[in-house]
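All figures in this text were calculated on a predicted structure; none of them were measured in a lab. The chains referred to below are lettered A, B, ... by the order of the sequence lines, with proteins before strands, and numbering in each begins at 1.
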Protein chains: 2
Amino acid sequence: MLKLTKRTEYGLIALTHLAQRQGEVVPAREIGDRYPIPRRLLAEVLKDLCNADLVASTRGAHGGYALVRPAQELSLGEIVSALEGAPTVSSCGDGDLLHGEHSCDVQSICPIRSPLVEIKDKIWQMMLTTSLASLAQPHKPYRPLASQTQVNGSVKSSIESP
Amino acid sequence: MLKLTKRTEYGLIALTHLAQRQGEVVPAREIGDRYPIPRRLLAEVLKDLCNADLVASTRGAHGGYALVRPAQELSLGEIVSALEGAPTVSSCGDGDLLHGEHSCDVQSICPIRSPLVEIKDKIWQMMLTTSLASLAQPHKPYRPLASQTQVNGSVKSSIESP
DNA sequence: ATTATCGGCACTACTTGAGTGCGGATTGAT
DNA sequence: ATCAATCCGCACTCAAGTAGTGCCGATAAT
């Protein structure tokens, strides 16, 4: 439904926390204590981040995790990709990203294939160009984009559903 | 997992088809015949689009569906919103959008709440500013946004309309 | 040794997505 | 009036993905 998973959410929280202690080795317990995240799940998430080489783990007592790169050099895209795979947006034409399959049966005649791929790429691009650091810091007042319009200015109030 | 559903995919195909016959009333069967989309599901999708006032239905023999507005004035955002609800991206801070709930237990201390909302809004904005018409036509080579920015700058950019 | 920590396997429960069936209501053609 | 094509609405199954948990072994500092 076009949303990120809890795993990603937890991962971002954890990474943000690690970013604040850059250079230090932080145990998962510390993070679990600070935020209402199930310990066990947090461990799963950190494991995935570790396998993706976004964080490094140290075992044993006084062990824990640490960012392998500074937060400015960690993109949201890498994080999301590590925790839930690269976004697909559509089941069409994503063969090259993950499983190398081109099995979309609609593909050959699908009139929206490439545009959908384009949308996916736009979202993906945005994620690749957004750093963890920019997420971690308190940021500028949000400028709602909605007001500026588009297409034809309609946009109605859309956004609400029954 | 950050992807659009089949419903949306089918909806886009159907709408694209309707766009090609603007002004005419097209029965669902015709669309079902042309693309490998389960009839029954297609009907569901068209019903939703109808309830969202994106298409108008005509009942009885020779009945069918037609776009309510020209494709240039139909945004991808409206379509997605009609078929799967507005994108949330995160379970945090979306209270005002769908169920009016602010139940995210991480919310109060969550260090990434507002950035995640911002990401959601960026994606949403892109969808609101992308018209059905631009999806329907074979389109221009993709110009990545990457180059221009990032991290916490505003990336506004792109978002092209037809 | 003891203790704190990560690592891996496997499992349950819940939610969502895809797809289907059936009968009813509406409307045009015969 | 009848028939056929079409939309309408409810409710249901089946599969897949998400959230979360349990257990125990491996490491390493004390």
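Whole-Å rounding puts the B:Arg7 CZ to C:dT16 P distance at 14 Å. At whole-Å resolution of the value, CD1 in A:Ile37 and C1' in D:dA19 are 13 Å apart. Rounded to whole angstrom, the span from the CG atom of B:Leu49 across to the P atom of D:dC7 amounts to 13 Å. Nucleotide D:dG9 holds its P atom 11 Å from the CG atom of B:Asp48, rounded to whole Å. The NZ atom of A:Lys47 sits 12 Å away from the P atom of C:dA10 (whole-angstrom rounding). Taking atom NZ of residue B:Lys6 and atom C1' of nucleotide D:dG17, one finds them 15 Å apart after rounding to whole Å. The distance between atom CD of A:Glu84 and atom C1' of D:dA16, rounded to the nearest whole Å, is 15 Å. For B:Arg39 and C:dC22, the CZ to C1' distance is 17 Å, given to the nearest whole Å.
One N or O on the side chain of B:Thr129 and one on the backbone of B:Met126 form a donor-acceptor pair closer than 3.5 Å. Between the side chain of A:Glu84 and the backbone N or O of A:Arg7 there is no donor-acceptor pair closer than 3.5 Å. Put simply, the side chain of B:Thr16 gets close to the backbone of B:Leu12: a donor and an acceptor are under 3.5 Å apart.
Counting only N and O atoms by type, the side chains of B:Ser131 and B:Gln72 include no donor and acceptor under 3.5 Å apart.
Checked for salt-bridge contact, A:Glu78 and A:Arg69 meet the test: a charged N lies under 4.0 Å from a carboxylate O.
Nearest nucleotide to the A:Arg59 side chain, out of D:dG25, C:dA18, D:dG20: D:dG25. Looking at the side chain of A:Ser57, the nearest of the listed nucleotides D:dA19, C:dA18, C:dC6 is C:dC6. Distances from the side chain of B:Pro27 to the nucleotides C:dG19, D:dG20, D:dT6 place D:dT6 closest.
Among the heavy atoms of the strands lying under 4.0 Å from B:Ala28 are primed sugar atoms or P, OP1, OP2 only; no base atom is included. Here B:Gly63 lies in heavy-atom contact (under 4.0 Å) with sugar-phosphate atoms only.
Projected onto DNA chain C by closest heavy-atom contact, A:Cys50 and A:Ala61 fall at different nucleotides, the more 5' of which corresponds to A:Ala61.
In this structure, A:His62 does not reach the C:dT5 phosphate: none of its side-chain N or O atoms is under 4.0 Å from OP1 or OP2. In this model, the phosphate group of C:dT5 is approached by a side-chain N or O of A:Arg29 to a distance below 4.0 Å at OP1 or OP2. Contact between the side-chain N/O atoms of B:Tyr10 and the OP1/OP2 oxygens of C:dA18 is not found at any separation under 4.0 Å. Listed pair A:Tyr65 / C:dG7 meets the phosphate criterion, a side-chain N or O lying under 4.0 Å from OP1 or OP2.
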